[in-house]
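Read through the structure below, which is laid out as structure tokens, and then see the notes.
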Amino acid sequence: MKKTSRRPSKKTMLERKILAMLAFFSTSVGLWENFRQLWLQDNGFTAADVSIMTSVGLMLSVVGVIFVGYRLKMRHLKAFMTIVLGIKLVDLLVLRGLDASVNFWAMSICTVVDVITSYLIVASVYPLITVVIKNNEIYSKRKLVEYWFRDIGVLVGGVMLGQTVFGSLIDYNACLVISVIFLSLAVLTMSSFKVKPTEKETPRNDSILKYVLKSKLQVCYMIYAFLAAMSFAAALGLKMLVLTNYLEFSAGTATNYLLIVGILSDVVGVLALKYFTPKNDYLTLTLKFGIRLLAYIIAIVAEDPFISMIAFTWSILISTAYEDVTDGCYINLVDNRHQLSYSTIKHVMSFAGEAMGMLLCGVMYDFGIGFILGASSIITVVQIGVAFYLVHLRHHRRSVRHSASRMRYDERLADE
């Protein structure tokens, strides 16, 4: 009796193609964005210039995300993403042609476009996948593909940089060319399939702002999301420049360091979730942000490069840990009807915070690591205060609900 091989369904094949596109795109991003700051520095841009361009790109990304979330129809999302990928591909080719030129305005515009297109694709991938399939497993799979293939891109760049391949030295421009190759594969993959929504689009919910603003807890959470992104970017927004110029790492060593610490941070996040999450939420926040703040303060007082590196390392290591306490519990309180629009607002606040943090990092860069960490520390103090207040509101909300439920139960007993 012959065994018949079971072919994947069209939905499964489509899902795999979207994830393959994301894998190519993430590899391209990991290869190029890791060295973009150093490439710009070699072309005469200062750290302040880099931070301003990145901040402008992030702020314009906010406008793009709002457009995608509120104005773009789902049936047009695939075409929109294909166009954005194509624009990014052309933009990187133009950047390669501008290397060693004196056209700083053209380089600046191309860098801003590079930032905008990257964030628009990242923000649009999951909505595109939901047209095909929507469940917790595919959400986790999408995050896994994005993070791991970005790390693969960083790894490839770190290993190849400075090596001679076929008689050619692998420098920042070579990494840019390899990034273009992977991005081309992403464009080809995106163009190879069609996505047709199987369900009618539901009417757009224009009341999401009212939904957020009427809740003190959600308003505070949006402020927290802004501050969290801002404090992290204020310290680590120009990490490659800090590592190579202040801590005197080579570009390859800095890349390998960030890759290893980034992978370890994912491991720490899993271990913290499974084994090291205290029952007391205030203690959890102290472990995540309090130790980071203390490390920053010690590094500022010590004025020692090694201690500064330890502070940066701890900040990255703990970055993905305890997100169930700092973010998940507030996002999961949102009604499913508002999730897509709510997610758009969350992206807007995070991108805006990151833009402000990046700008602040650029301003403090010329004054030294102590000023960079000092600016981030001030924001972190406010962030911790908001985070503690959020826990208070959440616990109070839970106790009020419990009391209300108990009162209704007692009333039912009295009626009987």
Side-chain angles (χ1 to χ4, degrees), residues 21-61 64 80-122 149-150 152-191 237-238 240-241 244-245 250-252 254-255 358 362:
M21 180 279 299
L22 178 60
F24 289 132
F25 169 79
S26 298
T27 305
S28 172
V29 168
L31 262 164
W32 169 235
E33 290 190 1
N34 186 58
F35 297 116
R36 185 175 60 204
Q37 294 177 4
L38 300 179
W39 184 87
L40 289 168
Q41 180 180 249
D42 284 354
N43 277 282
F45 289 88
T46 66
D49 295 331
V50 175
S51 69
I52 290 172
M53 287 185 292
T54 308
S55 298
V56 170
L58 282 165
M59 293 305 296
L60 292 176
S61 299
F80 171 80
M81 292 180 65
T82 304
I83 293 171
V84 172
L85 282 171
I87 292 173
K88 185 176 180 65
L89 178 61
V90 173
D91 183 67
L92 292 185
L93 290 172
V94 173
L95 272 175
R96 177 63 187 90
L98 289 171
D99 179 55
S101 71
V102 292
N103 198 333
F104 293 104
W105 276 107
M107 284 188 181
S108 301
I109 293 171
C110 287
T111 301
V112 170
V113 172
D114 187 26
V115 174
I116 295 171
T117 50
S118 290
Y119 278 85
L120 284 180
I121 292 298
V122 169
F149 279 91
R150 188 180 297 233
I152 288 173
V154 173
L155 176 62
V156 171
V159 170
M160 296 185 66
L161 188 68
Q163 304 297 320
T164 301
V165 179
F166 300 119
S168 300
L169 179 67
I170 302 298
D171 56 6
Y172 303 144
N173 283 313
C175 290
L176 175 54
V177 171
I178 299 171
S179 174
V180 167
I181 293 172
F182 278 100
L183 187 59
S184 300
L185 294 173
V187 174
L188 290 173
T189 305
M190 177 68 88
S191 304
L238 298 173
M240 281 296 286
L241 293 178
T244 54
N245 295 336
S250 68
T255 299
M358 178 69 75

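In this text the structure is predicted, and so the values were computed from the model without any measurement.
Partners of Tyr172 by ring-ring contact (aromatic ring centres under 6.0 Å, His included), not counting sequence neighbours, listed by chain and number: Phe35. For the side chain to side chain contact (heavy atoms under 4.5 Å, CB included) test, residues two or more places apart in sequence or in another chain that qualify with Val187 are Leu85, Leu89, Ser191. Under the side-chain hydrogen bond (donor to acceptor under 3.5 Å, both in side chains) criterion, Asp42 pairs with no residue, sequence neighbours left out. Residues satisfying the side chain to side chain contact (heavy atoms under 4.5 Å, CB included) test with Val112, not counting sequence neighbours, are Met53, Val56, Leu60, Ile116. Every side chain to side chain contact (heavy atoms under 4.5 Å, CB included) that Leu155 has, sequence neighbours left out, goes to Val159, Leu259. For Thr244, there are no side-chain hydrogen bond (donor to acceptor under 3.5 Å, both in side chains) partners at least two apart in sequence or on another chain. For Ala48, the side chain to side chain contact (heavy atoms under 4.5 Å, CB included) criterion is met by Thr46, not counting sequence neighbours. Looking at residues two or more places apart in sequence or on another chain, you find no ring-ring contact (aromatic ring centres under 6.0 Å, His included) involving Phe182. In this view, Ser101 satisfies the side-chain hydrogen bond (donor to acceptor under 3.5 Å, both in side chains) rule with no residue, not counting sequence neighbours. Every residue two or more places apart in sequence or in another chain was checked for a side-chain hydrogen bond (donor to acceptor under 3.5 Å, both in side chains) with Thr27, and none qualifies.
Listed for the Ser26 side chain is no donor-acceptor partner under 3.5 Å among the backbone atoms of Arg150. Put simply, the side chain of Ser28 never gets that close to the backbone of Phe24: no donor and acceptor are under 3.5 Å apart. Panel note: side chain Glu33, backbone Val115; no donor-acceptor pair is recorded below 3.5 Å. Here the side chain of Ser184 pairs a donor or acceptor atom with the backbone of Val180 at under 3.5 angstrom.
At least one side-chain heavy atom of Val122 sits under 4.5 Å from a side-chain heavy atom of Phe25. In this structure, the side chains of Gln41 and Leu38 come closer than 4.5 Å at one or more pairs of heavy atoms. At least one side-chain heavy atom of Leu58 sits less than 4.5 Å from a side-chain heavy atom of Tyr119.
Judged as a salt bridge (charged side-chain N to carboxylate O under 4.0 Å, His left out), the pairs with a partner in residues 96-114 (not counting sequence neighbours) are, in order, Arg36-Asp114, Lys88-Asp114. For residues 89-112, the pairs satisfying ring pair (Phe, Tyr, Trp, His ring centres under 6.0 Å) are Phe45-Phe104, with sequence neighbours left out.
The side chain to side chain contact (heavy atoms under 4.5 Å, CB included) with Ile87 is formed by just one residue from the set Leu120, Val113, Leu92; it is Val113.
Nearest approach of Val154 to Gly30, heavy atoms of both residues: CG2-O, 3.5 Å.
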